[in-house]
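In the text below, chain A, chain B and the rest are named by the order of the sequence lines, each starting its count at 1.
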Amino acid sequence: MDVERLLEEIKTKLSDVLVEAKIDRPRYASIKVKPEGMVKAATLLKENGFNHPLSVSGVDYPDRGEVEVVYHVSCLDSKSLVALKTALPRGQPSMPSLREIWRGVHFHERETWEMLGVKFEGHPELKRFLLQEDWEEGVYPLRKEFKLKPES
Amino acid sequence: MPIRVAWGIQHPMSGHLTLYLDVDGDIVLNTEADVGYTHRGLEKIAEYRNFIQYVPVIERACDFDASNFALGYVRAVEALMGIEVPERAKYLRVIAAELSRIMSHLYAQALLSMTGGFETMTVWSANDRELILDLLERLSGARVTHTYIIPGGVRADIPKGFKEKAYDVLNYLERRIWDYYKMLFQNKTFQDRTMGVGVLSKQDAIELGITGPNLRASGVDFDVRRDDPYEAYDKLDFEVVVEKEGDSYARALVRFYEIAQSIKIIKQALKDLPEGPIRCKTPPMLPRGETYTRIESGRGELGVYIVGSGTNKPYRLKISAPSFRNLAGLVYLCRDIPMGDIPVIYYSLDILLLDVDR
Amino acid sequence: MSLKPIERIRTKISCWKPIKDMLNWGRAWSLWWVHYETGCCCPEIMSLVAARFDHERLGAIPFPTLRECDLIIIEGVVTKKMAKRLRMIYDQMPDPKYVIALGDCAITGGFWWDSYSVVQGVDKVVPVDVYVPGCPPRPEQILQGFRLLQKKIMEGK
Amino acid sequence: MNLPISLPTLPNIPGLPPIPLPVLPPPFDVLIEFMQTSEFMEFAVELSLKLLVFPGLAFIMLYAMLAVWGERKLHARIHLRIGPYHVGPIFGLFQLVADGIKLLGKEIVTPERSHKFFYHLAPVLIMSLSMITLAFIPFFPVGPGEYWTIYYSEYSLLIILALFSLRPFIMIMAGWASNNKYTMMGAMRAAFQLLAYEVPLMLSMASVVILAGSFDLAKIVESQANMWFIVPCFLGFIVFFISTMAEICRRPLDIIVAEQEIVFGPWTEYTGMEYGLIMMSEYVDVAIASFLTSILFLGGWHGPGLHPLVWLLIKMGILSMFFMIGRSTWPRLRIDQLLDAGWRKLIPLALVQVFIAIVLVYVLKVIVV
């Protein structure tokens, strides 16, 4: 289902939670949604053929006081790509896990939790993934306040 | 009563990962992957290097397929800056990327044939990989991590004798891969070991987010080079290899035929290489804004999500590495299989832990 | 049935000059190294095993179990999570054991000097005998590393 | 058997009284008297010659050195590379000497939670078992009824078969004693594989025994004087070759020591000279397998012209190359495929061969027993 028709459908169905939706490039759309509308938007995308998850990335904006979580999903038949974004409060960022909708984001969400502290409720396996075992809790490397200090 | 065996960090075939297997007799019931042994914090380092300095760093993220990863990052930076690379640089980039893809596929084939204890194919593939390394060394000066593709174009033009040398190597390799076919793919024992092992259905492959040759082996006809063409791929004709069975044999076969396709691409690119400059000026600063670009690297689709911040250092860089997405396939497939199949599935998915851990 | 008496005799014999030279010659010319990938120098090890830079000419073969090996090649960067396992593996190897550190990241953490999860220099973890610089070092450099190690063993260090 | 050399007798220095031999209880005094006769001295020299030189230590060491060198060179040549090159005079001949000396100097490690006695016993047992089977193989005729063998018996084939069936116990002992998950898996695989290939081994030998009419290896070779047994029992030859490859676990069928899956099978924990023993026993097994194959099917020492022993060694050399070439030309079978091949494919073949042998001997009376 190509991107233009998808945007109209999203504007009609998700008008209450939708923040903004635009097309950056031919076949690449980005949709920004409020956190509570995430699950609804994801199921809508999955029905329209966007069932191939690409990545989950978290971006930390300390000046705006929020952490933005971006889901990139692609539809293999129409060869198009959608970025599903949502902004979470920076203090205790948490959102429902989209693992049941897209099975592929299991490891991505786990890594985002470990790197940025975004708590995904309902995620079966939120524990240490890439960092070493004795990494102290509560410190998230990709947050802006975590500074790299040269050791040697 | 299953015992928990660590298919450990120091295992002849395990690479940089530990698989905790619940083994009952010889059957593996369930597996859990423990990665992170080569996590160097590439994404955090991106915020401390300016965008030119970061090209060698991202090549260390997957140094079996260095030019493709550099291409992925450089395209993201150029998309953010909105600059267009001259025509000759596009063709040179395609040549470097395809040579690096052949290098990566030969290495994957070498490791897969070692899982059955078939060292002859391992060393044959490694021997012929040396020829490709010579070509890349002649082109970019380094064997493995070339840093040949930089923002704005390509670092150096083709040396004088490169075309003839490349034609010799590619003609030899074109004849040589059919020896591999007879030696490896028509070997009855290798077929027994890999056919019907780790079957990934089309629906599972799509839902798990599997990419690259593993996706095409399960019957999905999707290749970023043809469906979302970048650089000079739309001007070159090549077929996308698709298999239907989705087992380890199909994945190895897809990679094998892709080597033949890559050779065809390089020959075309070398033949109609346009004249002109090889680099264009790049603005010193990364403009504000964000973009997501994807390319087809040897192991799969590499997506780079970059957020610019107005300075010369990217604000945030997310590398969605292909092996990270194939890892879900490994954990999904290693269930209710005999112990002997673990290395076969692991290396047929061609997972490189440097990708996964970044 | 303890093996203490055998051990004592072995140590007594092995410090007699001609016996020591013979033992060192044997150790130098049959270095069995354990295949343990720690970082990003693996492609060079594969071309070392291949035909062009064949390291079996020096009598070295990659060996599956670390109980029978006497050389461990640290290929590339060693992260903190990997360092614990590296130390565990080094302790399990039988006694006359040697270590070759491959690549700048292993020697001083070179490329990742400011990374939060990389051990800056592997000699904080295991005693290193031969350092091979380069990122990744060319197979000829690794062969030269083997030769240096053999010379070192022949001198009896 | 008359030996050319003159035998030394006990020295009696004239001035002093003769050396009093100890007086021992009844069964041993007969032995002491027999030891004083010259016949015993002749027997002792001949036995020590056999034990120390031909089928004994010297031959094993020389064969192992050649076998290691040959295998690594062959393996490397197939890989288009040069094998061990700088170690000895002829392009690395002394590679095994270097490996052996290095292993001598290694520390012997005992895993602390392992059963120490059985752990150290296993490599010694596996080596001695391989050497014992060499004792019953007749190598070449010395006289009309005499053969150059350590122990001549009418049932030498049965004894060798019995010794072959002892192998899984030692591997299970090693696997269990070193108390490591991988070795336990290796031990179980050893049990599966060796038992699965015991039956086809027996059946393929049975067809030869039917043709030869006796269990004595020497008689089997004698009856092959005009026609080698490979011609009538070609199927038996194939089954025997494959099952001996499984018994001594060479590459296509070596799931016991599958490096890529279970680290090194039951031998994972052994270091130093214990591993040297295991490696040596592996090459002695190759020697036994090639001796047995050439004796049972290729007419042992029969051959025009040269001395019988030379013919046997030529056949054995070629066959041991065949055992070793599998390592570089075939990937390894999985355990269920291997057992399936053993039970369902080899045994019917061997039965067909036994049927053909019976028909040849008792119905058509082509081969007179």
Colleague: Should B/Arg4 and D/Lys181 count as side-chain neighbours, where that means a heavy-atom distance under 4.5 Å?
Modeller: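 Answer no - side chains too far apart.
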Colleague: Between chain B and each of D/Arg81, D/Met185, D/Arg251, count heavy-atom pairs under 4.5 Å; write down the option with the most.
Modeller: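 Ranked by contacts with chain B, first place is D/Arg251.
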Colleague: Given 3.5 Å as the limit, does a donor-acceptor pair link the side chain of B/Asn127 with the main chain of D/His79, or not?
Modeller: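 Indeed, once roles are kept as given, a pair shorter than 3.5 Å links the two residues.
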Colleague: Above 12 or not: heavy atoms from other molecules or residues under 6.0 Å from CZ of D/Phe118?
Modeller: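 Not buried by this count: 12 neighbours or fewer within 6.0 Å.
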Colleague: Kindly write out the residues that satisfy side chain to side chain donor-acceptor pair (under 3.5 Å) with B/Tyr346, not counting sequence neighbours, or none if the list is empty.
Modeller: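 In terms of side chain to side chain donor-acceptor pair (under 3.5 Å), with neighbours along the sequence ignored, B/Tyr346 is linked to no residue.
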Colleague: Supply the atom-to-atom distance D/Ile335 CD1 to B/Asp26 CG, rounded to the nearest 0.5 angstrom.
Modeller: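 With rounding to 0.5 Å, CD1 (D/Ile335) is 5.0 Å from CG (B/Asp26).
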Colleague: Give, as side chain, backbone, both or neither, the part of B/Met121 having an atom under 4.5 angstrom from any heavy atom of chain D.
Modeller: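 Contact with chain D: none, neither part.
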Colleague: Mark yes when over 12 heavy atoms from residues, nucleotides or ligands other than B/Phe185 sit less than 6.0 Å from its CZ; otherwise mark no.
Modeller: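 It does: B/Phe185 CZ has more than 12 such atoms within range.
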Colleague: Would you mind telling me which of D/Arg189, D/Met188, D/Met184 has the largest number of heavy-atom pairs within less than 4.5 Å of chain B?
Modeller: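 Of D/Arg189, D/Met188, D/Met184, D/Arg189 has the most heavy-atom pairs under 4.5 Å with chain B.
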Colleague: Identify the residues of residues 321-334 of chain D whose heavy atoms come closer than 4.5 Å to a heavy atom of chain B, ordered by number, or report 'none'.
Modeller: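 Only D/Arg327, D/Ser328, D/Thr329, D/Trp330, D/Pro331, D/Arg332, D/Leu333, D/Arg334 of residues 321-334 of chain D have a heavy atom under 4.5 Å from chain B.
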Colleague: State which residues pass side-chain contact (heavy atoms from CB on, under 4.5 Å) with B/Ala142; sequence neighbours excluded, sorted by chain then number.
Modeller: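 Not a single residue meets the side-chain contact (heavy atoms from CB on, under 4.5 Å) criterion with B/Ala142.
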Colleague: Against chain D, work out which of B/Ile3, B/Val23, B/Val5, B/Val344 has the most heavy-atom pairs shorter than 4.5 Å and name it.
Modeller: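 Maximum pair count with chain D is reached by B/Val5.
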Colleague: Could you look at B/Asn187 and say if it's the side chain, the backbone, both or neither that has a heavy atom under 4.5 Å from chain D?
Modeller: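 Side chain only.
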Colleague: Tell me, side chain or backbone of D/Phe264 under 4.5 Å from chain B's heavy atoms, or both, or neither?
Modeller: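 The answer is neither part of D/Phe264.
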Colleague: Say you draw a straight line from CD of B/Glu119 to NE2 of D/His75; how long is it, rounded to the nearest 0.5 Å?
Modeller: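 Reported value, rounded in 0.5 Å steps: 4.5 Å.
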Colleague: Enter the distance from D/Asp336:CG to B/Asp341:CG here, rounded to the nearest 0.5 Å.
Modeller: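 The CG atom of B/Asp341 is 8.0 Å from CG of D/Asp336, to the nearest 0.5 Å.
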Colleague: Under the side chain to side chain donor-acceptor pair (under 3.5 Å) rule, collect the residues that match up with D/Ser290, sequence neighbours excluded.
Modeller: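 With neighbours one apart ignored, the set is empty.
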Colleague: Counting only heavy atoms closer than 4.5 Å, note whether B/Ala126 contacts chain D via side chain, backbone, both or neither.
Modeller: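 Looking at B/Ala126, nothing touches chain D.
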